[in-house]
Amino acid sequence: MRIPPTLSAVLSNLFKKPATNPFPASDPVPTPEGFRGKLNYDVEKCVGCRLCVMVCPAGVIEYVPEVRKVTFWLGRCVFCQQCVDVCPVKALEMSDEFLLATDDKYNDNLRWFKEDEIEELKKKLEEQKKAKGAESQKK
Ligand code: SF4
Ligand code: SF4
């Protein structure tokens with residue numbers, strides 16, 4: 001009988017440790033430097049220049065003129081990082097978060113700057129405007 005040439009490799013592998021990562025029983029494989037995971041947005045830093053809206057190839061970002069900020073629905077994001085590279089004030093960054101599975105595509109984890117936060121900011125801006133108006137009348 002002819003012995004298959006792979007038999008010695010098979011036999012030696014039988015006595016080696018498995019080379020798999022049994023996730024989720026263990027931690028996932030670490031992400032490398034420069035990994036492009038879920039996008040993070042710093043509302044405070046954003047100056048509303050709209051450059052990110054212009055470069056995004058997937059229609060993820062929408063400009064909100066009343067508050068001069070942007071909103072994101074990350075369900076469409078293709079993790080290309082173009083918005084991060086173009087932002088002049090570094091309001092955007094790619095994190096190393098990649099466990100994003102969900103049964104709700106409009107899940108809060110996939111949205112940045114939600115409706116209630118926009119309303120809150122609108123109110124804040126209106127109050128600031130009123131305060132400025134009252135101050136200039138005093139002068
Ligand atoms: S990473 Fe790419 S696809 Fe995702 S929001 Fe930024 S520009 Fe759009
Ligand atoms: S590019 Fe940056 S500063 Fe300009 S709108 Fe987008 S997040 Fe805001």
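Both counts, for ligands and for their atoms, begin at 1 and track the order of listing.
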J.: I need the nearest protein heavy-atom contact for atom 4 (Fe) of ligand 1: residue, atom name and distance, please.
T.: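 The answer is C77 SG, 2.4 Å.
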J.: Quick check on contacts: which atoms of ligand 1 are under 4.0 angstrom from a heavy atom of Q81?
T.: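 Counting atoms of ligand 1 from 1, those under 4.0 Å from Q81 are 1 (S), 2 (Fe).
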J.: Which residue holds the protein heavy atom closest to atom 6 (Fe) of ligand 1, what is that atom called, and what is the gap in Å?
T.: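 Of the protein heavy atoms, C83 SG, 2.3 Å lies nearest.
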J.: Is it the case that R50 places NZ or CZ above or below the six-membered ring of Y63, under 6.0 angstrom from the centre and within 45 degrees of the axis?
T.: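 Because its charged atom sits under 6.0 Å from the ring centre and within 45° of the axis, R50 does stack over Y63.
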J.: Can you tell which of Y41, Y106, W112 makes a ring pair (Phe, Tyr, Trp, His ring centres under 6.0 Å) with W73?
T.: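 For W73, the ring pair (Phe, Tyr, Trp, His ring centres under 6.0 Å) test succeeds with only one of Y41, Y106, W112, which is Y106.
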J.: Within the distance-only criterion (no hydrogens, no angle test), does the side chain of T20 pair as donor or acceptor with the backbone N or O of P22 below 3.5 angstrom?
T.: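 No, the answer is negative, given that no donor and acceptor are paired below the 3.5 Å cut-off.
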J.: Tell me whether ligand 1 is touched by V55 - counting only heavy atoms on the residue side and a distance under 4.0 Å.
T.: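 So V55 does not count as touching ligand 1.
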J.: Between F113 and F72, is the gap from one ring center to the other below 6.0 Å?
T.: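 No: the rings miss the under 6.0 Å criterion.
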J.: For a distance under 2.8 Å, tell me if C52 has an N/O/S atom near atom 4 (Fe) of ligand 2.
T.: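 So C52 does not bind atom 4 (Fe) of ligand 2 by this criterion.
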J.: Is E126 salt-bridged to K123, cutoff N-O under 4.0 Å?
T.: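 No.
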J.: Has V89 got any heavy atom lying under 4.0 angstrom from an atom of ligand 2?
T.: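 Judged by the 4.0 Å heavy-atom criterion, V89 does count as contacting ligand 2.
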J.: How close does the nearest protein non-hydrogen atom get to atom 2 (Fe) of ligand 2, and which residue and atom is it?
T.: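 Here the nearest protein heavy atom works out to C87 SG, 2.3 Å.
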J.: For atom 8 (Fe) of ligand 1, grab the closest protein heavy atom and report residue, atom and distance to one decimal in Å.
T.: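 Going atom by atom, the protein heavy atom closest to atom 8 (Fe) of ligand 1 ends up being C56 SG, 2.3 Å.
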J.: Give the atoms of ligand 1, by number and element, whose distance to some non-hydrogen atom of V78 is under 4.0 Å.
T.: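 So the answer, numbered in order with elements, is 3 (S), 4 (Fe).
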J.: Can you confirm whether more than 12 heavy atoms, excluding those of K114, are under 6.0 Å from its NZ atom?
T.: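 Yes, NZ of K114 has more than 12 neighbouring heavy atoms, counting only those of other groups under 6.0 Å.
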J.: With a 4.5 Å cut-off on side-chain heavy atoms, are L100 and K38 touching?
T.: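 Answer yes - side chains close enough.
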J.: Could you tell me whether R50 approaches ligand 2 through its side chain, its backbone, both or neither, with non-hydrogen atoms closer than 4.0 Å?
T.: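 Near ligand 2, R50 shows its backbone, while the atoms from C-beta on stay back.
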